[in-house]
Each structure stands twice: as structure tokens, then as C-alpha cells.
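Contents: one structure, followed by commentary.
Quantities reported herein were computed from a predicted structural model and do not represent experimental measurements. We count ligands from 1, going down the list as the structure has it; atoms in each ligand are counted the same way.
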Amino acid sequence: MPLKLLKCDESIPEREKHVYIKEKGEDTTQFLPLSNIETIPGSLSERGCSYCGAKLVIGGVLKDTIQMIHGPIGCAYDTWHTKRYPSDNGHFQLKYVWSSDMKESHIVFGGEKQLGKSIREAFKEFPDIKRMIVYTTCATALIGDDIRAVVKSAQQELGDVDIFCVECPGFAGVSQSKGHHVLNIAWINEKVGTLEPEITSPYTINVIGDYNIQGDTFVLEKYMEKMGIQIIAHFTGNGTYDSLRGMHRAQLNVTNCARSAGYIANELKKRYGIPRLDVDTWGFDYCQEALRKIGAFFGIEDRAEAVIAEEVAKYQEKMDWYKERLTGKKVCIWTGGPRLWHWTKALEDDLGMQVVSMSSKFGHQEDFEKVIARGQEGTIYIDDGNELEFFEVLEMIRPDVVLTGPRVGVLVKKLHLPYVNGHGYHNGPYMGFEGAVNMARDLYNAIYSPLMQLAAIDVRDEQIQDAELNLPRVFEQQNNITVDIQTTDEILIKEVTIMEISNELSYGVTDLSDTEYLDLNFTHENGRVMESNLEQLKSVDITSSEVITETQILPIEAQALPTNPQKSPEWLQILREYWGFILKIPQLFGRFYHEVKRIVAGIALTIGLLFTVKLLLVLLYTINDIPFINLTFEFVGIVYVVWFVLRYLLKANSRRELATKIQQVQQEVVYGKDLEV
Ligand code: CFM
């Protein structure tokens with residue numbers, strides 16, 4: 001039976017139906033894992049909500065539209081700025097976030113007025129922007145705010161604006177996938193056909209299901225331009241609100257992400273007779289296939305071939321260079337859904353990699369059919385994977401790299417495995433020919449970077465304090481990195497530096513693609529441990545967004561990683577060892593002192609206390625021996641007791657005052673709080 005119950009799922013055995021390992025000769029139609037159903041209680045899902053699928057994934061990409069989120073501020077903030085979809089108008093959509101900022105009183109008394117106010121205010125603040133999408137969220141859907149009525153009255157009042165409503169609260173479906181569906185259908189119902197586009201070419205298409213992640217759209221648009229094809233609407237990468245109103249005029253719907261936008265492609269076919277052509281725009285070979293299909297549709301194969309020839313000439317050599325180094329490397333693809341089937345064969349065919357696990361957050365049955373059909377036997381396929389499953393699978397297969405998002409990426413980094421951002425990319429674009437090279441470069445940099453191995457080293461382990469640090473996976477054909485430690489100070493610096501890196505990698509404080517990352521840690525003034533290896537680290541600089549070519553990298557590798565390190569003569573080694581021992585004496589003494597310091601301090605304190613008590617007793621006996629002094633003290637004592645009783649104990653008020661004073665003193669003494677008495 002190819003369905004698999006992972007150990008971590010023993011308490012939620014229903015998960016068995018969501019994990020699948022393809023076996024030889026199987027009929028996958030009988031064994032598809034369950035998908036697109038409610039997350040099983042007890043399984044910590046990585047899914048997003050339905051509202052997020054509509055807003056963050058599709059609507060929020062539009063570059064000229066105010067995104068008004070009718071709900072508490074968190075719904076706006078959490079779907080803002082977390083996805084990299086730039087635009088050619090200065091990234092308006094990434095710069096701002098809008099919300100009706102619902103508070104408790106709005107929930108109790110209704111939030112429609114608040115929404116109306118927010119809509120007017122937003123248009124006033126951005127007088128050049130005339131388009132808006134209004135989204136409901138869980139809170140406003142539950143209280144039944146009528147956003148359409150509010151929008152209607154705002155449109156009438158403002159006149160020249162156009163507003164689209166998306167009624168898809170977070171709870172509307174089992175995942176973000178529902179949000180894709182709701183937005184697709186609402187758009188075709190209400191907006192497509194409401195504006196006639198200007199036609200400038202005999203060949204017109206809509207590009208459907210590409211969201212311009214780190215410039216993907218710009219790459220595709222370049223190819224289409226070279227082929228003389230007009231893109232009427234780009235759903236929704238770098239798209240405008242109005243261009244999407246004219247989708248009904250295209251001759252062909254070129255569909256990339258079928259999961260998020262297949263619905264609108266199907267409706268355009270049904271209602272306007274526009275054919276749907278599914279393509280893969282990721283992958284070096286796939287991209288050639290896609291251009292050929294589009295060329296064939298319009299009878300302009302020669303133009304497609306010209307673009308392919310030009311791009312292949314530019315990038316084939318680089319792909320070969322990476323293929324040579326990535327062949328056989330094990331990779332997991334853990335993203336939303338479609339990227340699994342887009343990427344698995346691309347990585348295997350283009351780069352010779354081995355895809356060992358694929359996990360989909362929200363893919364439907366048709367996605368799994370494609371994924372498993374394109375995937376290998378023995379690969380682990382997971383639907384709606386949870387954190388513990390990811391850990392278990394990582395332990396099982398120890399991949400070389402994982403393509404996933406920053407959230408799961410943080411888990412992966414905890415096991416000191418590299419991840420490459422499979423959602424927002426590290427250094428994209430990843431689409432098209434140049435994108436395939438960028439992706440290969442990021443995978444190469446992640447796998448060959450020594451960062452993960454360095455982060456895995458616990459420098460507090462004495463055995464490695466003055467030993468050679470062996471980093472076998474990174475430098476298996478090369479030599480070891482040697483870290484010299486000679487003084488206590490340097491040990492400290494080393495510890496801090498590597499722990500910093502470790503923390504960064506473990507907790508994801510800094511993304512690996514952050515270009516300041518290496519500077520921050522490795523060229524730090526005091527980072528002496530790193531200093532000696534700086535060249536080596538730079539030669540596999542994971543932060544590089546440059547395409548690494550053979551000529552660029554070879555001299556650095558040769559210089560930094562000699563395959564036959566020269567051995568020093570024996571006498572010199574003995575002398576070095578002797579000298580090293582002499583230099584270590586103060587350090588060894590220091591370590592001994594550090595360890596016994598606490599015990600010595602404890603004994604000294606006890607002796608001191610005993611001595612003080614003895615001294616006090618002697619003093620008291622001596623005073624007692626002075627004539628009359630005893631009587632005087634007794635008299636003073638009696639007077640004080642009488643005064644105290646009269647002052648503090650007689651009346652209820654003064655008793656309370658005394659209690660407060662005692663409390664204050666107690667706070668001061670026990671908790672060290674500086675209180676005014
Ligand atoms: Fe389509 Fe996407 Fe994806 Fe997607 Fe997504 Fe995405 Fe994704 Mo992240 S639209 S389904 S909802 S290709 S955000 S750009 S990467 S999970 S596989």
C-alpha cells in the first residue's frame with residue numbers, strides 16, 4: 001500500500017490518506033492522496049486562509065488599485081508586503097496598505113459607516129488612483145456588513161471611480177485556493193467585458209496565472225514582444241484593473257498557474273469561446289515547448305524559433321555548468337501546489353536533480369494527478385503537510401536543498417539544511433530561460449555554501465576548539481577549513497560570531513538572500529575566525545545575484561581551495577606544536593580558574609559570615625558589662641513599645657498605614673523595587 005502513516009502522525013491516523021509514496025507500476029488513479037479537504041484537527045497546517053488567496057495572491061498584485069481590507073488591521077498587515085511582485089510604476093501595490101481598521105465598537109454596532117469613511121479617505125489621499133478592490137474578512141462577514149451597498153453609495157458620490165467587491169472571508173473554504181476561485185468568478189461575472197481594449201497586433205493573448213514574482217512577468221512580456229504578440233491582460237502580474245476588464249478580446253488564453261486562474265480561463269472559453277492553452281513557463285526545456293505551442297497556435301513558428309535560438313545561445317552554457325554540479329543532488333519541492341508539477345521534471349531534466357519529496361498546501365486532485373504523473377517512484381508526496389511531518393521526512397531523506405517558503409524554510413534551517421525560497425524566490429525571476437539559470441544558481445549557491453555546516457558547529461565543544469573544522473559536504477573534494485584559536489579572547493569572538501550565524505540561520509532573522517548578510521557576519525571587524533577563510537566563503541557566496549560562470553568562479557576556487565595543500569616540514573610542525581602549547585598555558589590556567597572560581601567564592605563567604613557573627617556577640621557581651629547600661633536600654637525599649645502601640649496599633653487607620661509600610665519595605669528588600677515610601 002503506497003499510502004504512508006508517518007510516525008509523528010500516530011495520534012492522527014487520518015493523515016495516512018494524505019501521504020503517498022509512488023511505487024513501481026502503480027495505477028496512480030487508485031492511490032491519489034486526499035487533498036483540498038479540511039485540515040484534520042491536531043495537524044498544524046501551513047495553509048493560508050481564503051481571504052488571503054484572493055487578496056495576497058491575485059488582487060493585491062494589481063499595480064494601480066487601492067486594496068481596501070474591511071476588517072481588523074491584522075488582516076491588512078499580514079497580507080501586505082510579504083510577497084515580491086514588483087511593478088513598472090514604482091511598486092505602488094507594495095508600498096501601501098489600506099484597512100477600515102475595525103475595532104470592537106464597529107463589530108458591536110456595525111462597520112459599514114467606517115468602511116464608507118475609509119473608502120472616501122483612501123481616494124482623497126490618492127487622487128490619481130481611481131480603482132479599488134474591497135475585501136470582506138472573517139469579522140465583517142460574520143456581522144453581516146453589506147459592503148456592496150457601501151460601495152454603491154461611494155461610487156455614486158465619487159463618480160469617476162470603479163470599485164470591485166470580493167466577498168471571501170478567511171473561513172469561506174479550506175485553504176487559500178477558495179479565494180482564487182471566488183475572485184476569478186466574481187471578476188468574470190462583473191468586470192470582464194466592461195471595457196474595450198485597444199488592439200495593436202493581429203496576435204492577442206491573455207497571460208493567465210502569473211503574478212510577476214520578482215519580475216517573472218517582465219521576462220515573459222519580452223518574449224511575447226519579440227514574437228509580435230500583444231498581451232491584452234496579464235492576470236495579474238504587473239496588471240492594471242482596466243486591462244483585466246478587456247480580457248474578452250484576446251484570441252488565446254495562455255495559462256501558467258492553472259490552480260489559481262484556471263477558473264477564469266475556463267469561463268473565458270465558455271462565455272467568449274477563447275481557447276485555453278496550458279503551458280509551463282518555468283524550466284529551460286519547458287519554456288521552449290511553451291513558445292513553440294504559442295507560435296504554432298498563431299502560425300508564427302519561425303518567430304518562436306528565433307526567440308528560442310537567441311535565448312538558448314545566451315543561457316545554455318550556463319545551464320550546462322550548473323547541471324554538471326547539480327546532477328544527483330536531492331531536492332524537495334514544498335510549495336502551494338502547481339509548482340510541484342511545473343518544477344519536478346524541469347529540475348530533473350534541466351539540471352539532473354533528484355526530486356525526493358513534494359508537498360502541496362492546497363493542490364486539488366487534478367494537481368496531484370499531474371504531480372504524481374510527472375514525479376518519480378519512491379518520491380514522498382504530501383498533501384497539507386504539517387511541521388512534524390516535514391521534520392520526519394527531512395530526517396528520512398536528508399535532501400541537499402529544499403524549495404519552500406520562508407515559514408517552512410525556517411524549520412529546514414534548524415536542521416542545518418539549506419532552503420531556497422520557492423514562493424518569493426531568492427534572486428529571481430525564475431521564469432523563462434534566464435529564470436531557469438537564476439534558479440539553478442540559487443540552488444547551486446545554497447547547496448555549496450558552507451554556511452549550514454558552519455552553523456551546525458557547536459563551538460563550545462572543547463574538542464573542536466583547537467581542531468580543524470571538517471566540512472565534508474561542502475569541501476569534499478577540497479581541503480578542510482582550519483580555524484586557529486590561540487587566546488581566550490579569540491575563543492570568545494569565535495563563539496559569538498558562529499553563534500550569531502547559527503541564530504540567524506536557525507531563526508531566520510536574516511534571509512540568506514540578504515546581500516548584507518555576509519558583510520554583517522563575515523567581515524565584521526572582530527570576526528577573526530572568519531577572516532582567514534573569507535576568500536573561501538566568498539567563492540560560494542550565497543548572496544550573489546550574479547550569474548556565476550566558469551570563468552568567474554574557477555580562479556577563486558583555485559585560489560581558495562587548493563586540492564593539495566602543501567605540508568610544512570616535520571621540524572616546523574613540532575616547533576609549532578611546542579609554541580602552541582606554551583601560548584596555551586595562560587589560557588589553560590584561565591580555564592581552571594574559571595571553573596573553580598564559584599566554589600572558592602562560596603567557601604570564602606561562609607568563613608566571612610561566621611567571623612562577623614562571632615564579632616557581634618563579643619561586642620554585645622562587652623556592652624552588657626558596663627554598669628547601668630542594661631537598665632537604660634530596658635527603659636528606652638519600654639518607652640518605644642508604648643509609643644509604637646499608641647502610634648500604629650490603636651486605630652484602624654494607623655494599622656493600615658503600618659501594613660502598607662511593611663509591604664513597601666518588603667518590595668524594596670525582596671524585589672529590589674525603588675518605591676517611594
Ligand atoms: Fe499559483 Fe502562485 Fe502557486 Fe498560488 Fe501561492 Fe505563489 Fe505557490 Mo506561494 S498562484 S498556486 S497561492 S503558482 S503564493 S505565485 S508560490 S503557494 S505554488
Side-chain angles (χ1 to χ4, degrees), residues 35-36 45-62 78-86 93-94 168 170 172-184 207-217 219-220 234-239 254-265 278-283 286 332-344 346-347 355 358-364 366-368 370-371 374 381-385 402-409 419-426 428-431 435 439:
S35 59
N36 193 35
S45 177
E46 295 287 337
R47 284 169 163 176
C49 72
S50 303
Y51 146 76
C52 173
K55 195 270 163 182
L56 180 70
V57 178
I58 304 182
V61 187
L62 293 177
D78 291 331
T79 52
W80 174 53
H81 230 301
T82 53
K83 247 184 127 182
R84 295 152 151 178
Y85 30 65
Q93 73 287 3
L94 294 178
C168 183
V174 300
S175 72
Q176 54 265 63
S177 180
K178 181 68 179 179
H180 306 153
H181 182 239
V182 170
L183 193 144
N184 272 240
V207 176
I208 289 182
D210 156 55
Y211 304 98
N212 200 25
I213 308 300
Q214 279 203 39
D216 280 349
T217 301
V219 175
L220 300 181
H234 210 120
F235 190 93
T236 53
N238 195 38
V254 175
T255 309
N256 182 63
C257 176
R259 178 72 286 121
S260 64
Y263 314 104
I264 200 164
D278 283 26
V279 294
D280 300 83
T281 49
W282 287 287
Y286 274 153
C332 298
I333 310 172
W334 293 347
T335 56
R339 291 183 185 204
L340 277 55
W341 48 264
H342 281 296
W343 287 352
T344 179
L347 292 175
V355 180
M358 287 192 267
S359 172
S360 155
K361 288 188 201 186
F362 52 77
H364 296 200
E366 65 183 67
D367 294 298
F368 272 99
K370 290 186 206 170
V371 171
R374 286 183 173 186
Y381 304 85
I382 310 169
D383 166 67
D384 188 18
V402 180
L403 271 162
T404 189
R407 202 166 19 169
V408 179
Y419 98 94
V420 169
N421 192 335
H423 294 255
Y425 309 157
H426 264 63
Y430 285 174
M431 267 188 191
M439 195 177 182

For [atom], the protein heavy atom that lies nearest, with its residue and separation:
{"atom": "atom 8 (Mo) of ligand 1", "result": "H423 ND1, 2.2 Å"}
{"atom": "atom 3 (Fe) of ligand 1", "result": "P338 CD, 3.8 Å"}
{"atom": "atom 1 (Fe) of ligand 1", "result": "C257 SG, 2.2 Å"}
{"atom": "atom 5 (Fe) of ligand 1", "result": "F362 CZ, 4.0 Å"}
{"atom": "atom 14 (S) of ligand 1", "result": "R339 NH2, 3.1 Å"}
{"atom": "atom 13 (S) of ligand 1", "result": "K83 NZ, 2.9 Å"}
{"atom": "atom 11 (S) of ligand 1", "result": "H180 NE2, 3.2 Å"}

At the 4.0 Å heavy-atom cut-off, does [X] count as touching ligand 1?
{"X": "G209", "answer": "no"}
{"X": "G337", "answer": "yes"}
{"X": "H342", "answer": "no"}

Note to self: If I compare all heavy atoms of S177 with all of H364, which pair ends up nearest, and what's the gap?
What the structure shows: OG-NE2, 2.7 Å

Next item on the list: Provide the closest heavy-atom pair for H180 versus V57 in the form atom of the first, atom of the second, distance.
Entry: NE2-CG1, 3.7 Å

Check: Taking the six-membered ring for Trp, are Y211 and H423 ring centroids under 6.0 Å apart?
Finding: no

Notebook entry, point to check: Who's closest to atom 9 (S) of ligand 1 heavy-atom-wise, of W343, Y211, Y85, W341?
Noted result: Y211

Margin query: Tell me the nearest of G336, A261, S175 to atom 17 (S) of ligand 1, using heavy-atom distances.
Written below: G336

Notebook entry, point to check: Of the backbone atoms (N, CA, C, O) and the side-chain heavy atoms from C-beta on, which set of K361 has a member under 4.0 Å from an atom of ligand 1: side chain, backbone, both, or neither?
Noted result: neither

Do [X] and [Y] have side chains that get closer than 4.5 Å, going by heavy atoms?
{"X": "W343", "Y": "R374", "answer": "no"}
{"X": "L403", "Y": "L347", "answer": "yes"}
{"X": "V174", "Y": "F362", "answer": "no"}

Next item on the list: Please lay out, stage by stage, how V402 and W334 fare under the test side chain to side chain contact (heavy atoms under 4.5 Å, CB included).
Entry: CA-CA 7 Å; V402 180; W334 293 347; 3.7 Å; yes

Next item on the list: Tell me yes or no: between the side chains of T281 and N256, is some donor less than 3.5 Å from an acceptor?
Entry: yes

Next item on the list: Determine whether more than 12 heavy atoms belonging to other residues, nucleotides or ligands lie under 6.0 Å from atom NZ of K370.
Entry: yes

Margin query: Give the atom numbers and elements of ligand 1 that come within less than 4.0 Å of a heavy atom of V57.
Written below: 9 (S), 11 (S)

